[in-house]
Amino acid sequence: MPANDVRSLLPIAVPTAAVGVVAVAVSGVVAGGRGAVGAAVGVLLAVLFMGVGLYVLQWTAKTLPQLFQAMGLMLYVAQLLLLMIFVALFRHTSLFDPKAFAISLVVATVVWMAAQARAHMKAKIFYVEPESGKSERPEKTGHSS
């Protein structure tokens, strides 16, 4: 992953991980070991899905900008389908508490999205590409000839 991508990921992943640690601790106190495991699985799944989604969208924006919006929509649908498959596979599991899993998944996703929105608003993104060299156009001097 290029250094620029890591710099954009850190302000998003750090608050999510911090909330994840709190969610695991609270779930461990409230629901015991199964609750802590459920919260950890929920947070890890949210970070994995959202992180892969961010990486795919950044790659799409750089390489295929004309497909950016379609890729975002497809990615959202794919994430929902994968989450539904995961929930269906572990519906009757005794490995973790499903309530702690669900709550931590939702909380981690909301924190990720809020941190991503904040990072995007604070980013200095050019809306016009700056010129890298001298202009091909003649400069305006103010004289009319």
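Quantities reported herein were computed from a predicted structural model and do not represent experimental measurements. Any value given below was found using the heavy atoms of this structure, including those in side chains, with hydrogens, waters and symmetry copies removed. When a residue number appears, it is its place in the shown sequence, counting from 1.
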**OP:** Go through the steps for L83 and L105 under the test side-chain contact (heavy atoms from CB on, under 4.5 Å), then give the verdict.
**Re:** CA-CA 10 Å; L83 182 61; L105 179 73; 3.6 Å; yes
Subject >> Verdict with supporting geometry, Q66 and L64, side-chain contact (heavy atoms from CB on, under 4.5 Å) >> reply: CA-CA 5 Å; Q66 69 275 16; L64 303 165; 4.1 Å; yes
Subject >> Full working for side-chain contact (heavy atoms from CB on, under 4.5 Å) between M71 and V56 >> reply: CA-CA 8 Å; M71 183 61 80; V56 168; 4.1 Å; yes
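Between the CZ atom of F68 and the CG atom of L73 there is a distance of 12.0 Å, given to the nearest 0.5 Å. In this structure, CG on L80 lies 11.0 Å from CD1 on I85, to the nearest 0.5 angstrom. Interatomic distance, K122 NZ to R118 CZ, rounded to the nearest 0.5 Å: 4.0 Å. Put simply, CE on M113 and CD1 on I12 are 12.0 Å apart, with the number rounded to the nearest 0.5 Å. Taking CG from L95 and CZ from F101, the interatomic distance works out to 12.0 Å, rounded to the nearest 0.5 Å.
For F86 and F49, the distance between ring centers is not under 6.0 angstrom.
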All N/O donor-acceptor pairs, side-chain side in residues 26-33, below 3.5 Å, sequence neighbours left out:
residue: S27; atom: OG; partner: A23; partner atom: O; Å: 2.9

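Summarising the geometry of R34 relative to S94, their closest heavy-atom pair is NE-O, 3.5 Å, with the distance given to 0.1 Å. Closest approach of G53 and Q79 over heavy atoms only: CA-NE2, 3.9 Å. The minimum heavy-atom distance linking A115 with P11 is given by the pair CB-O, 3.8 Å.
Cluster annotation: L9 is connected to M50 through the hydrophobic network of ILVMFWY side chains, with a link wherever side-chain heavy atoms come within less than 4.5 Å. In the hydrophobic cluster analysis, where Ile, Leu, Val, Met, Phe, Trp and Tyr join through side-chain heavy atoms closer than 4.5 angstrom, V87 is grouped together with F90. Note on L48: it does not cluster hydrophobically with W112, by side-chain heavy-atom contacts below 4.5 Å among ILVMFWY residues. Under the 4.5 Å side-chain heavy-atom criterion for ILVMFWY residues, no single connected hydrophobic cluster contains both V77 and Y55. Note on L82: it does not cluster hydrophobically with M84, by side-chain heavy-atom contacts below 4.5 Å among ILVMFWY residues.
If you run side chain to side chain contact (heavy atoms under 4.5 Å, CB included) between S104 and each of V24, L45, V43, only V43 comes through.
Annotation for Q69: atom CD does not count as buried by contact number, only 12 or fewer foreign heavy atoms lying within 6.0 Å.
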